[in-house]
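To start, the structure itself, in structure tokens.
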Amino acid sequence: MDLELDKHSIPFDLESTLRCGQLFRWEKQDDWWYGVVEDRVIRTRQKNHILEFEGAPYKFISHYFRFQDNLPKIINKIQRDPFITLAAQTFPGLRLVRQDPWECLISYICATYKNIPAIKKMINELSKRFGDQLTVDNQNYYTFPKPKELAKSTINELRMCKLGFRAKRVKQAAMIVDSNQLDFEKLKITEYKKARNELTQLPGVGNKVADCILLFSLDKLEAFPVDLWIKRVIQQKYANHFERSFIKTISARKSLSQNEYDKISSFAQNYFGEYAGYAQEYLFHFFRSQAHRIDE
DNA sequence: GTAGCACCTCACTG
DNA sequence: ACAGTGAGGTGCT
């Protein structure tokens, strides 16, 4: 199916959206992108203002790529200074993507202390071992495992998927989700701070992972995850918004204490406003792309 | 309340 | 080559 994006006045750039680091399950072959989303294999490419896609109806695609987000309005709201303005202008059409909360939870537990290529590998191994096989264009793809499959897995099997110390956390989190002790739908309508507190009860879920889940899968666009790269952005570009001693303290160490994290995150939420999460996405992608080549 | 450190494994660096 | 380094942090002391 073809979709004319201009006609619907939907700024969208497939390439930067799929490369920005939020997603771990898309691969490019020739000039088509292939990705497994829920129980589908989606094939898509963009030429100028035409988005071609197969494997899902328009409604699914539009929901996934958040076409209903009014991007011009959002960018207008977050443009508080020249740096964020430049970041947003460098990647026009970059959008957040609406992920499945369960997949997002496990993916970001796995993302702890790993780089993006390694995270992709772990997720693919998990899917191959515990997911369902789908065949498209004579190639095999695997769905992300259901909660039950990971809940009944053994730590050893999980470790064979290269999870390392994350294996135990993934199994425990899976058991909690599988036994319905966590209601994602309810979290969507729960106030941000309360929802985050609930998520951080899970093993392997600290502030950062919780904020990723809230932003990428639970529609909390005000969430502002602070990772290593965002910490660097703050140190280098937003230091004047903090006490000198604070910047000095966080610069001396690699990881942030809970309080330091909250200080940075709530600054950004106040500064960028209700769409702080979009600001995070642009800052993260822009700063990384400046620092070195994008992983692929 | 903060500080320090271990943690699995991988990709990239020199 | 191959050891060293740091990675979309969290949990424990």
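The sequence lines fix the lettering, A, B, ..., with proteins before strands; numbering per chain opens at 1.
Between A:K121 and A:Y113, the residue whose closest nucleotide on DNA chain B is further toward the 5' end is A:Y113.
OP1 or OP2 of B:dC10 lies within a sub-4.0 Å distance of a side-chain N or O belonging to A:K162. Contact check, A:K114 against B:dA11: no side-chain N or O comes under 4.0 Å of OP1 or OP2. Residue A:R232 places at least one side-chain N or O under 4.0 Å from the OP1 or OP2 atom of C:dA7. Proximity of A:R253 to the phosphate of B:dA3: a side-chain N or O atom is located under 4.0 Å from OP1 or OP2. Regarding contacts with the backbone of B:dC12, every side-chain N or O of A:N115 stays at 4.0 angstrom or more from both OP1 and OP2.
Aromatic rings from A:F242 and A:F246 are positioned such that their centres are separated by under 6.0 Å. Separation of the A:F24 and A:Y108 ring centroids falls under the 6.0 Å cut-off.
Across all strands, A:E281 comes closer than 4.0 Å to no nucleic acid atom at all (heavy-atom distances). Looking at heavy-atom distances under 4.0 Å, A:Y261 makes no contact with the nucleic acid at all. Residue contacts shown for A:Q258 are absent, as no nucleic acid heavy atom lies under 4.0 Å away.
Put simply, the side chain of A:E27 does not reach to within 4.5 Å of the side chain of A:W33, judged on heavy atoms.
For the residue pair A:Y192 and A:N197, no side-chain donor N or O sits within less than 3.5 Å of a side-chain acceptor on the partner. Counted by atom type alone, A:K168 and A:Q172 present zero donor-acceptor pairs between their side chains at under 3.5 Å.
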Could you pull out the protein-nucleic contacts involving nucleotides 11-13 of chain C (nitrogen or oxygen on both sides, under 3.5 Å)?
unit_1 : atom_1 : unit_2 : atom_2 : d
C:dG11 : OP1    : A:G204 : N      : 2.6

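Remark: A:R43 does not engage A:E52 in a salt bridge, criterion side-chain N to carboxylate O under 4.0 Å. Salt bridge present: A:E274 and A:K77 bring a charged side-chain N and a carboxylate O closer than 4.0 Å.
Across the P atoms, B:dG4 and C:dG8 are found 24 Å apart, a figure rounded to whole Å. Distance check on atom P: B:dT9 versus C:dA1 gives 24 Å, rounded to whole Å. Annotation: C:dG11 and B:dC10 have their P atoms spaced 23 Å apart (nearest Å).
By the 6.0 Å and 45° rule, A:R80 stacks over the aromatic ring of A:Y271.
In this structure, A:F91 and A:F286 have perpendicular ring planes: the angle between them is above 60°, well past the 30° mark.
For residues 265-276 of chain A, proximity to DNA chain B is found at no residue, defined as any non-hydrogen atom under 4.0 angstrom from a strand atom.
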